[in-house]
2 protein chains.
Amino acid sequence: MAGKRGARSKRTQRTSGPLPPVRSEPPLSRQRIVATAIELLDAQGLDGLTMRRLADRLGSGVMSLYWHVDSKEDVFDLALDSVLEYRGSPHIAQLHDWRGEIIHVLEDWRASMLRHPWSASLLSRRALGPNTLGRLELLSKALSRAGVAAADMNVAIWSLWNYVMGATITRASFELSDEDRAAAQLRLARLSERYAAIERSRLLLDDDWDGTFRRGLGFLLDGLAPGQNSSAP
Amino acid sequence: MAGKRGARSKRTQRTSGPLPPVRSEPPLSRQRIVATAIELLDAQGLDGLTMRRLADRLGSGVMSLYWHVDSKEDVFDLALDSVLEYRGSPHIAQLHDWRGEIIHVLEDWRASMLRHPWSASLLSRRALGPNTLGRLELLSKALSRAGVAAADMNVAIWSLWNYVMGATITRASFELSDEDRAAAQLRLARLSERYAAIERSRLLLDDDWDGTFRRGLGFLLDGLAPGQNSSAP
DNA sequence: ACCTGAACACCGTTCAAGT
DNA sequence: ACCTGAACACCGTTCAAGT
C-alpha cells in the first residue's frame, strides 16, 4: 500500500536519494523496532521478546537492531514508555470535580497498562520514562487542586502510584492463565480449614477486578482528602 | 561439621546403608536447594539465579537438581514462599489495638520482603504459596476484628495487599543501584520545566521510604476503617 | 532412589567486516 | 551511516545411562 503511485505525480514524500525497491520492508528505525517489540510482547508476553525474534519480524539481521538500540533493556524501556503515553486531554478539570479528575487519571493509567499486560510488571522494574513522569505530573497537579497539602503531596503520589501499580499487576497475573488460577483455587479449597477467613470471604474467587479497584481507590482517596466525600454530587 | 563422629558411638542419625565419605557435601535435598537458591538470589538478584550456578554452589551436577525440583520456576516459587514465612506470634492482639495489629502484620510483611529485595517483584508474578496465604489469613482476621464489614473485606484485603506490594517493589527498585537513581535524577532535573509539579515537591529525591510507607498506610486505613482514628490513644 | 554427562535448541552481545 | 555473519559465553531442559 505505502508508496503506491497515485494521482500525485511528484514524489513529495520521499524527498531525496534513489528510491528503494518498492516492495521491500521499510528501513529499520527506532520507532519500527519499538512498535514491533510491543506486538511481540502483546502476543507472547515478557519472555516472548528476544532480539532474534524481533529481528525476524522486522526482516533484518539480529545485529542490525543494535545500531538503533543499545540493548534489550533499552527495548524494554522504550516499549514500556511508549505504551504509557497519555492520549487524553491534559485539561480535564470537569467543573471542579477534583475527585473525579484524580480517578480519571488513575483509571486511564490502569487501562493503558491492562491493554498490555506485560507493562505493569515492567513498570516496577524499569526506570521512569518521560511518559511515566508526565502521568505523575498530571496526578500531582490534580492532587494539588483537590486540596492535598504540600507536606502530604509525595506521600499521596506514592500511595496512589503503589496502589495502581499493585492492583494492575495483581489483576494481570490472575488473568494470565485460567489454568494457574484453577490450580490456585483447587489448592486453596484443599487447605480451606487452615485459611478459614479468606475462604469465608471467597477472596480468590472474587473476580470483580474493576469494582474492587474502584472501591479500594475510593477508600484511599477518602483517607487522603477527607474533605471531598465520595458521595458528594 | 555435619556427621562428625563424637561421643555417641552408635550411629543414631544415619540409620541405614554405608556411611558416605565423611567430609563430603551433605546430600542434595529440596531444603538445601531452596536455601542455596535464596543465598544466590540475595547475592546476585533475580537474573543471578541459574540452575548451573545453583548446582555449582551445591557441588552437584546440574541435572541432579531436577530429581528434587520440577523446574527453575519451581525453585522460584519455593524460594519466595520460604522467605515469606511468618515468624511472629499468630496472636498479637495488643489490648484491642486493632489498627496497631494491622500495621504490625503489614510492616512485618514488608520487612520480610525488603530483606530479600528480589522477593517483592517475584510475588507479583508467581502463584500464592502457603505462607503468602497464611499472611493474607492473618490480615483478614485483623481486619475483621477492626470492624471492617464482610461486604468490604475483599476490597480491604486487596487494597492493602496492592499497597504493600507496590510500595515494596518501588522501594526495592529505587534502592537497587545508586547509579540508576542518579541517572534518573539527572534526567528529571534536566526536564524540570516540563514536570514542574513533581520537581517542586522533590518527588524523586525523597528517600524517606519508611515514613512514606507508614503515612500512606495510615491514610488508607483511615479510609478503610473510619471509626478507628489514627490519633486515638 | 538418586545422580550424571552429552546433547539440543536456544539466548544477548562483541567483533571485525562489509556497503 | 547503516547493516551483516561468525563466534563467544552462556541458558533450561530432554534423554539415555549409570549406581
Side-chain angles (χ1 to χ4, degrees), chain A residues 14-21 23-38 40-41 43-80 118 122 125-127, chain B residues 2-3 13-37 40-41 43-80 118 122 125-126:
Chain A
R14 305 192 162 276
T15 53
S16 71
L19 284 173
R23 232 173 296 272
S24 85
E25 303 271 0
L28 234 40
S29 69
R30 227 153 197 270
Q31 215 188 110
R32 265 191 83 218
I33 292 175
V34 173
T36 307
I38 292 171
L40 205 45
L41 286 163
Q44 320 246 31
L46 274 182
D47 291 338
L49 178 65
T50 73
M51 298 303 271
R52 283 167 150 98
R53 273 205 272 256
L54 188 49
D56 266 7
R57 280 216 181 197
L58 288 160
S60 74
V62 203
M63 293 317 299
S64 311
L65 303 176
Y66 286 83
W67 179 260
H68 303 272
V69 129
D70 283 345
S71 64
K72 191 184 177 183
E73 304 265 276
D74 201 14
V75 177
F76 275 133
D77 285 345
L78 293 167
L80 175 61
W118 45 272
L122 253 194
R125 282 179 286 166
R126 307 300 317 161
Chain B
Q13 297 174 14
R14 306 195 160 274
T15 53
S16 71
L19 285 172
V22 174
R23 232 174 296 274
S24 84
E25 303 270 2
L28 234 41
S29 69
R30 227 153 197 270
Q31 217 188 108
R32 266 191 83 218
I33 291 175
V34 172
T36 308
L40 206 43
L41 286 163
Q44 320 246 30
L46 274 182
D47 292 338
L49 178 65
T50 74
M51 298 303 272
R52 285 167 150 97
R53 274 204 272 254
L54 188 50
D56 265 8
R57 280 215 180 198
L58 288 159
S60 75
V62 201
M63 294 316 299
S64 311
L65 303 176
Y66 286 85
W67 178 261
H68 305 272
V69 129
D70 283 345
S71 62
K72 190 184 176 183
E73 303 265 277
D74 201 13
V75 177
F76 275 133
D77 285 344
L78 293 167
L80 174 62
W118 45 272
L122 253 194
R125 283 180 285 167
R126 308 299 317 162

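On a predicted model such as this, the values are computed, not experimentally measured, just so you know. Chain identifiers are assigned alphabetically (A, B, ...) following the order of the sequence lines, protein sequences preceding nucleic acid strands; residue numbering begins at 1 within each chain. Both backbone and side-chain heavy atoms feed into the values below; hydrogens, waters and symmetry mates do not.
Rounded to an integer number of Å, the gap from B:Phe76 CZ to D:dT13 C1' is 15 Å. Atom CG of B:Asp70 and atom P of D:dT14 are 10 Å apart (whole Å). Between the C1' atom of D:dC8 and the CE atom of A:Met63 lies a distance of 12 Å, rounded to the nearest Å. One can place CG of A:Asp56 at 13 Å from C1' of C:dC10, the figure rounded to the nearest angstrom. Between A:Asp74 atom CG and C:dG12 atom P the separation is 14 Å, expressed in whole Å. Atom CG of A:Leu58 and atom P of D:dC2 are 16 Å apart (whole Å). Distance CG (A:Asp47) to P (C:dC11): 11 Å, rounded to an integer number of Å. Rounded to whole Å, the distance from CG on B:Leu54 to C1' on D:dT13 is 15 Å.
Set against D:dT13, C:dG12, C:dT13, the side chain of A:Arg52 has C:dG12 as its closest nucleotide. Distance from the side chain of A:Trp67 is smallest to D:dC3 among D:dT13, C:dT13, D:dC3. The side chain of A:Tyr66 sits closest to C:dT13 out of C:dT13, D:dT13, C:dC3.
Within the structure, every side-chain polar atom (N or O) of B:Ser64 is placed at least 4.0 Å from both OP1 and OP2 of C:dC2. Checking the phosphate oxygens (OP1, OP2) of D:dA1, no side-chain nitrogen or oxygen of A:His68 falls inside 4.0 Å. Within the structure, every side-chain polar atom (N or O) of A:Ser60 is placed at least 4.0 Å from both OP1 and OP2 of D:dC3.
Inter-residue side-chain proximity for B:Leu58 and B:Leu65 is flagged as met; some heavy-atom pair is nearer than 4.5 Å. Looking at heavy atoms from C-beta onward, A:Asp47 lies out of side-chain contact with A:Trp118 at the 4.5 angstrom threshold. Counting heavy atoms from C-beta outward, B:Val75 and B:Val34 have side chains that stay 4.5 Å or more apart. For the pair B:Leu28/B:Arg32, a side-chain contact is recorded, criterion being any heavy-atom separation below 4.5 Å from C-beta on.
Counting non-hydrogen atoms of neighbouring residues, nucleotides and ligands closer than 6.0 angstrom, the CD atom of B:Gln31 reaches no more than 12 such neighbours.
Annotation: side-chain hydrogen bond (donor to acceptor under 3.5 Å, both in side chains) contacts of A:Glu73 (sequence neighbours excluded): A:Arg126.
Between the C1' atoms of D:dC8 and C:dC10, the separation comes to 15 Å (whole Å). Between D:dA17 and C:dC2, the two P atoms lie 22 Å apart (nearest whole Å).
For the atom pair CG of A:Leu49 and NZ of A:Lys72, the computed distance is 5.5 Å after rounding to the nearest 0.5 Å.
With pairs defined as Watson-Crick or G-U wobble and both atom distances under 3.5 Å, the stems of at least three pairs that touch DNA chain C come out as C:4-8 with D:12-16, C:12-16 with D:4-8.
Residue whose closest nucleotide on DNA chain C sits further toward the 5' end, between B:Gly61 and A:Leu49: B:Gly61.
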